[in-house]
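Below is one structure, written out as structure tokens; the observations come after it.
Starting from 1, each residue takes its place in the sequence as its number.
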Amino acid sequence: MTTADDTDDLDLPAVEDDAATTGAASDSSDLDERLKALPRLLRYAMLATEGAAHIQERLIAEVGELCPGLAETTLWAMTPDSANGLALAAELDRQAVSLDQPALRSLSDCVRLLCLPMPRSADSFDDYRRVGKALVEAFRRVCQEVDEELCCELEEFTFGWAALPAFSNLVSRHASAATNANRIGPIIAEYRLTAAKAALRRKLKEEEERRRQRDAEAAPVDQQEKPATDSTPDHAVVVARLSAEEMKNTKLKEILSPLKSVINVALPLVTAPPPHVVRSTLLFEFPYAAEVIDFALADLVGRATVHLRPLLLVGDPGGGKTRFARRLGELLGVGVWRTDASRCDGAVFGGTDRRWYSAEPCHPFLAVAQGKIANPLILIDEIEKAATRNDYGRLWDCLLGFLESETNARYPDPALQTNIDLSHVSYVATANSLDPLPSPIRDRFRVVSFPKPTADDIDALLPAVIADLAKERGLNASWFPPLDGAEHAAAARYWRGGSVRRLRRVIEAILSERDLHATRN
């Protein structure tokens with residue numbers, strides 16, 4: 001333990017004209033009215049967050065008031081590094097015990113808050129855990145008493161500090177722990193806010209479904225499941241109509257149960273967004289496919305609602321055809337129903353007759369039911385790989401009835417045994433080659449060649465690839481910082497154009513290496 005008399009023998013030079021000696025470093029509660037009621041540790045956390053001047057000097061002044069004459073205080077004032085700061089914190093802890101002054105432990109935590117760097121190993125986590133526990137305890141005491149804005153700021157910093165060891169790959173190694181806690185806090189808050197909004201939307205949707213069910217059960221029998229009249233709102237279509245007697249058919253009970261919300265109901269047609277907005281987004285993600293983008297979006301010119309004539313994207317494997325089709329549907333605001341042609345036959349896609357125990361409506365109507373819109377997009381992936389055997393009907397032959405405007409407006413669904421209006425459904429198919437496809441299929445699709453990206457497109461492709469990898473891991477893309485210089489150079493070295501799948505594997509390997517490196521550090 002060091003006393004005031006001992007400091008005279010150290011012959012330490014005076015700290016001239018600093019804020020502590022001139023009086024500029026007043027108590028941390030003197031400068032901001034809204035911080036006065038906070039515990040000392042939270043006051044210094046907020047001062048660090050706001051980038052206030054002379055924070056360390058203010059703390060030194062408080063240490064000098066409560067525990068004067070410590071050599072460790074002078075050393076930290078002269079050389080404000082983490083080693084001197086931790087030495088002062090340890091001495092304050094000893095003084096707190098020997099002098100029976102608990103307030104010195106609060107000062108000790110404040111010193112650690114300001115001097116600690118980023119944690120580098122599990123052995124050094126004790127100091128961070130101690131400050132974290134103190135922050136949480138102080139926050140719990142005041143969170144109900146302070147205004148909402150200040151409470152949010154305190155919560156962000158507290159959670160940010162607690163997350164420091166777990167998110168070392170998202171912060172700057174050269175910045176202090178307090179600075180990085182201030183950076184991580186808003187990220188965690190945004191992630192929690194997004195999750196809360198999603199939970200609220202699910203809750204409201206469930207409550208709306210329960211309300212509709214109660215209303216339907218309370219309605220008179222003669223009004224239940226009443227077919228829609230001919231008066232349909234603008235930009236809406238009644239896709240399937242069934243009489244009250246058919247709706248009560250016991251044989252149809254299992255089929256109709258999940259479909260009641262889209263039968264005898266005018267379903268909306270999704271309004272077409274401005275084509276130039278969709279084009280600019282697609283061009284950013286697929287800079288090598290400008291001609292394909294213009295070809296696909298030409299059908300939207302002058303249309304009020306979304307509808308594309310059958311489109312077939314033909315190109316080598318790995319060029320991004322499937323992802324382009326999916327992103328096209330997402331940006332147009334319609335649901336995307338994907339069908340793998342290699343695993344689908346005509347009996348499955350076109351629907352199964354109700355006389356069979358496995359009766360099921362056609363896939364386009366299931367897509368309508370899934371999105372509760374009348375104009376979803378059907379993605380038929382690798383159409384050239386559809387089975388050529390006709391035991392259950394070929395997919396190619398089944399598709400002809402959906403691709404013709406004369407037949408898709410009154411398609412006879414075998415499970416519902418009624419004509420349904422699928423004239424607003426869009427179809428996009430992908431293929432590696434046209435050779436296996438029969439001529440009737442080729443005639444009904446608009447065929448366009450889909451190119452492969454080049455090495456010059458890597459900068460445009462990286463954000464989308466990283467975002468997809470983040471989504472696979474169940475994380476927000478903001479948790480994955482862009483590639484740094486060395487990582488970008490490695491990606492460019494191992495991928496020089498061609499398959500996007502190969503670029504994806506390269507980026508996945510780079511991110512895995514980044515995770516391993518972060519874990520070792």
Side-chain angles (χ1 to χ4, degrees), residues 26-56 58-59 62-63 66 85 89 92-93 96 101-119 125-168 170-171 175-204 475-476 478-479:
S26 57
D27 185 278
S28 60
S29 65
D30 290 345
L31 299 181
D32 194 329
E33 286 293 328
R34 69 180 191 140
L35 302 184
K36 282 188 175 182
L38 296 180
R40 179 183 286 112
L41 184 61
L42 292 182
R43 291 203 303 269
Y44 277 103
M46 288 298 94
L47 289 173
T49 298
E50 296 167 359
H54 308 303
I55 304 177
Q56 180 185 351
R58 296 175 197 175
L59 181 54
E62 290 196 54
V63 173
L66 293 178
L92 288 172
D93 286 336
Q101 293 189 23
L104 296 183
R105 289 185 60 83
S106 171
L107 284 175
S108 174
D109 290 336
C110 293
V111 173
R112 287 183 172 87
L113 178 81
L114 298 185
C115 77
L116 281 173
M118 278 299 297
F125 286 169
D126 289 342
D127 288 316
Y128 300 91
R129 291 192 188 99
R130 169 172 167 169
V131 176
K133 290 179 180 178
L135 284 169
V136 171
E137 181 61 29
F139 174 70
R140 284 177 177 172
R141 292 203 307 268
V142 303
C143 63
Q144 300 296 330
E145 302 172 1
V146 299
D147 63 78
E148 187 172 325
E149 181 179 357
L150 180 56
C151 183
C152 290
E153 294 177 13
L154 293 171
E155 183 181 27
E156 285 185 357
F157 187 91
T158 302
F159 277 77
W161 184 280
L164 283 175
F167 298 102
S168 58
L170 296 179
V171 297
S176 68
T179 300
N180 282 315
N182 191 36
R183 293 175 180 173
I184 295 175
I187 297 176
I188 296 177
E190 182 63 30
Y191 189 77
R192 294 176 63 205
L193 182 61
T194 301
K197 288 181 178 178
L200 179 60
R201 286 195 295 269
R202 288 195 298 270
K203 181 179 179 181
L204 292 176
L475 299 173
N476 189 287
S478 61
W479 294 98

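In this structure, Cys143 and Leu154 have side chains that are not in contact, with every pair of non-hydrogen atoms separated by 4.5 Å or more. Here the side chains of Thr49 and Glu156 are not in contact, with every heavy-atom distance at 4.5 Å or above. Inter-residue side-chain proximity for Phe139 and Cys151 is flagged as met; some heavy-atom pair is nearer than 4.5 Å.
Residues Val142 and Pro39 share a closest heavy-atom pair of CG1-CD, 3.6 Å. Minimum heavy-atom separation, Leu66 to Ala103: CD1-CB, 4.4 Å. Nearest heavy-atom pair across Arg141 and Glu145 is O-OE2, 3.6 Å. Across all their heavy atoms, Leu113 and Ala45 have their closest contact at CD2-N, 3.6 Å. The shortest heavy-atom contact between Ala178 and Phe157 is O-CE1, 3.5 Å. Considering every non-hydrogen atom in both Ala175 and Met118, the closest pair reads O-CG, 3.9 Å.
If you take CG on Leu42 and OG1 on Thr158, they are separated by 6.0 Å, rounding to the nearest 0.5 Å. Considering CD1 of Ile184 and CH2 of Trp161, their distance stands at 10.5 Å, rounded to 0.5 Å. Note that the CG atom of Leu47 and the CD atom of Gln56 stand 13.5 Å from one another [nearest 0.5 Å]. Rounding to the nearest 0.5 Å places CG of Leu116 at 4.5 Å from OH of Tyr128. Atom CG in Leu35 sits 11.5 Å away from atom OH in Tyr44 (nearest 0.5 Å). Distance check: Leu150 CG to Met46 CE gives 7.0 Å after rounding to the nearest 0.5 Å.
A donor and an acceptor atom, one from each side chain of Ser108 and Arg112, are located under 3.5 Å apart.
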- request: Mind running side chain to side chain contact (heavy atoms under 4.5 Å, CB included) on Leu92 and Arg105 for me, showing each step along the way?
  value: CA-CA 7 Å; Leu92 288 172; Arg105 289 185 60 83; over 6 Å; no
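The one candidate from Arg40, Lys133, Arg130 that meets the side-chain contact (heavy atoms from CB on, under 4.5 Å) condition with Asp109 is Arg130.
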